[in-house]
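See structure below.
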2 protein chains.
Amino acid sequence: MQHSAPSFREFSDRFRSLETTLSRELFREHRDQMRVKKEETAAENLRRIIDATLRLANRKGFQSMSLRDLSAETGLSAGGLYAYIRSKDDLVRLIQRHGVALTLRSLEDAIAAADGPRDKLRAAIRAHLFLTETMQPWFYFSYMEAKNLPRRETREAIRSEVAVEELFTGIIRAGQARGVFRNGDPQLLAGMIKALLQDWYLKRWKHRQRNVSVECYADAVQNMVEHAVLVPPYDEAPAAAHNATCEEG
Amino acid sequence: MQHSAPSFREFSDRFRSLETTLSRELFREHRDQMRVKKEETAAENLRRIIDATLRLANRKGFQSMSLRDLSAETGLSAGGLYAYIRSKDDLVRLIQRHGVALTLRSLEDAIAAADGPRDKLRAAIRAHLFLTETMQPWFYFSYMEAKNLPRRETREAIRSEVAVEELFTGIIRAGQARGVFRNGDPQLLAGMIKALLQDWYLKRWKHRQRNVSVECYADAVQNMVEHAVLVPPYDEAPAAAHNATCEEG
DNA sequence: TTGTATCGAACGAACGTTCGCTATATGGTT
DNA sequence: AACCATATAGCGAACGTTCGTTCGATACAA
């Protein structure tokens, strides 16, 4: 059966449950590293700290963000912060871990739900864009601060990135094997697709300024990739279900 | 007349003269801000400082790089550095200024030398890749540290980025007007092309590890872009003049 | 009264930057 | 050629500031 491309709204709903699950997992993992016992206040403040860190670090860089800045942004005192984190490095570790699992899981689910290389490719593209849309601050942080991370986390970030790219490589290989996709180096193609996908969260300010929605960008990427990858003749992709104003002058 | 796509070697030769010219301009601009009078030693040490800064900052971030690190890397003492720069901020300004002019100039020259939208697009893609290949450390630095720059330089960096994108937008518009290029939002297309181009210097470690040369990547980008942008039927681009082993397994 | 969450002053380390000093090169005078 | 006077390149200890982090005091809840 042919799936129509999932919309951002549909993704958001499915995503919410996955996120709370993983968020709870993360909290339980780090419960023993916090000095705060009551779950309610602990969870709330931890989230506040993470959000504030992403906000500050994405504005001026993680190294430039002092714990006094973070203290002011969260409303907690300098000493109070240390009831939740062991150190500044621990904070960056905490944030990094939070997202890595989510990415792979989310992408793999989306791919598994689609049938055939073309639909799998579409699903992967959309899932990646929708995921990075919902967690843009995290992805931006993870990309920009990757080289400032502790050794272990840097490696993990790179491995995660490679894994995502290999998901695309696999889809392309399968499509080529079935004769649906044109020949060409699958690794190189996958890398270029990922470059297009990453641009969405790296230059989000630009896209927002131009009123380009995720759905709109997803269509554009899908179009470019399919033009490059499908064997001709290429039937133009059907307009997506959303009523975006993508291409008006 | 139909130009064959210029090779990286050809670009390098043309580039060298342009670089020494601008490098000298930069030096003369900052001569009055240095305490060192003799041109020979001043120029050599200034270059050493800039190179070391790019090396260190690209490894661990500009903020994390201390002037003591820089002192060790350059062989100059901490105090000695201040004969060449006014402050750490001044250093980042100096580096930033060095490259901005170069980018636009180089691209505009390449575009002007080509005839017709398709050749102009090819020329722009290749020029951008070749330029960022020769000055990869600078471009990486400029991208990663953009938000840590002083206010004025941040603006300048953004303006430069927008200007580059507009060069591509212009080419696409011209091609669409002539009926050579398929319809589609030119800004969105230009943005995606730029994403592909930036990936070259942002993920250079990956490409190097996979033995992908610039020429090879240039062909791949050109192919994908032309597939997406040309009106069909699309005649496959001729193999470039270089003897790269792009697609062997 | 006991336990917990939060505070803010305080500490040592590391940072950017300054400054008085030394070593070396330069150039005019004997 | 030998000498001194002067200017300059470079050094590294030291300064004040800011950083991450600690810790005893405090406020509040049970």
Side-chain angles (χ1 to χ4, degrees), chain A residues 27 30-50 52-53 56-57 59-96 145 148-151 153, chain B residues 27 30-53 56-57 59-96 145 148-150 153:
Chain A
F27 172 74
H30 285 259
R31 134 165 289 167
D32 53 335
Q33 304 194 18
M34 297 191 293
R35 283 204 326 261
V36 180
K37 313 276 179 174
K38 232 171 67 177
E39 172 149 346
E40 191 181 2
T41 62
E44 181 193 326
N45 276 337
L46 190 61
R47 169 152 292 272
R48 219 213 305 265
I49 290 173
I50 292 180
T53 302
L56 290 173
R59 192 184 309 146
K60 39 187 271 189
F62 182 73
Q63 298 284 342
S64 302
M65 175 198 82
S66 71
L67 290 194
R68 284 162 180 81
D69 293 336
L70 187 59
S71 165
E73 184 86 2
T74 56
L76 287 166
S77 67
L81 289 176
Y82 279 80
Y84 296 90
I85 58 171
R86 267 211 231 276
S87 67
K88 206 184 172 191
D89 267 0
D90 186 55
L91 175 59
V92 80
R93 248 192 304 271
L94 184 70
I95 293 178
Q96 180 63 18
E145 307 293 342
N148 303 13
L149 264 39
R151 229 171 180 64
E153 272 64 34
Chain B
F27 172 75
H30 285 259
R31 133 164 289 166
D32 52 336
Q33 304 194 17
M34 297 190 295
R35 286 206 323 264
V36 180
K37 314 274 180 177
K38 234 171 68 178
E39 172 150 346
E40 190 181 1
T41 62
E44 180 192 328
N45 277 336
L46 190 61
R47 168 151 294 272
R48 220 213 303 266
I49 290 173
I50 291 180
D51 288 349
T53 302
L56 291 173
R59 191 183 309 146
K60 39 187 271 188
F62 182 73
Q63 297 285 343
S64 302
M65 175 199 82
S66 73
L67 288 193
R68 285 163 178 83
D69 292 336
L70 187 59
S71 165
E73 184 86 3
T74 56
L76 287 167
S77 67
L81 288 176
Y82 280 79
Y84 296 89
I85 57 171
R86 266 209 233 277
S87 67
K88 209 186 171 191
D89 267 359
D90 187 55
L91 175 58
V92 79
R93 249 194 303 272
L94 184 70
I95 293 178
Q96 181 62 17
E145 307 294 342
N148 303 11
L149 265 40
E153 272 65 33

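Residue numbering restarts at 1 for every chain, and letters A, B, ... go by the order of the sequence lines.
Rounding to whole angstrom units, CZ of residue A:Arg86 and P of D:dC23 are separated by 15 Å. Rounded to whole Å, the distance from CG on B:Leu67 to P on C:dG16 is 4 Å. Note: NZ (A:Lys88) to P (C:dC15) measures 13 Å, nearest angstrom. D:dG20 atom P lies 14 Å from atom CG of A:Asp90, rounded to whole Å. The separation between A:Lys38 atom NZ and C:dT6 atom P is 9 Å, rounded to whole Å. Atom P of nucleotide D:dT18 and atom CG of A:Leu70 are separated by 19 Å, given to the nearest angstrom.
In terms of position along DNA chain C, the nucleotide closest to A:Gly75 lies nearer the 5' end than the nucleotide closest to the other residue of the pair B:Ser87 and A:Gly75. For A:Gln63 and A:Gly80, each mapped to the nucleotide of DNA chain D holding its nearest heavy atom, the one lying further toward the 5' end belongs to A:Gln63.
With distances taken from any side-chain atom of B:Tyr82 to the nucleotides C:dT6, D:dT8, C:dT17, the minimum falls on C:dT17. Of the candidate nucleotides C:dC15, D:dG20, C:dT6, D:dG20 has the atom lying nearest to any side-chain atom of A:Arg68.
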Per-nucleotide protein contact string for nucleotides 24-30 of chain D (B base, S sugar-phosphate only, - none; heavy atom under 4.0 Å):
-------
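Of the possible donor and acceptor atoms, one in the side chain of B:Glu145 sits under 3.5 Å from a partner among the backbone N and O of B:Phe62.
Taking both residues in full, the closest heavy atoms of B:Met65 and B:Lys88 are given as O-NZ, 2.9 Å, listed atom of the first, atom of the second, then distance. When all heavy atoms are compared, the tightest approach of A:Ser71 to A:Ala78 is OG-N, 3.5 Å.
Atom-to-atom distance recorded for B:Leu81:CG and B:Ser87:OG is 12.0 Å, nearest 0.5 angstrom.
Under 4.0 angstrom from either OP1 or OP2 of C:dT6 there lies at least one side-chain N or O belonging to A:Tyr84.
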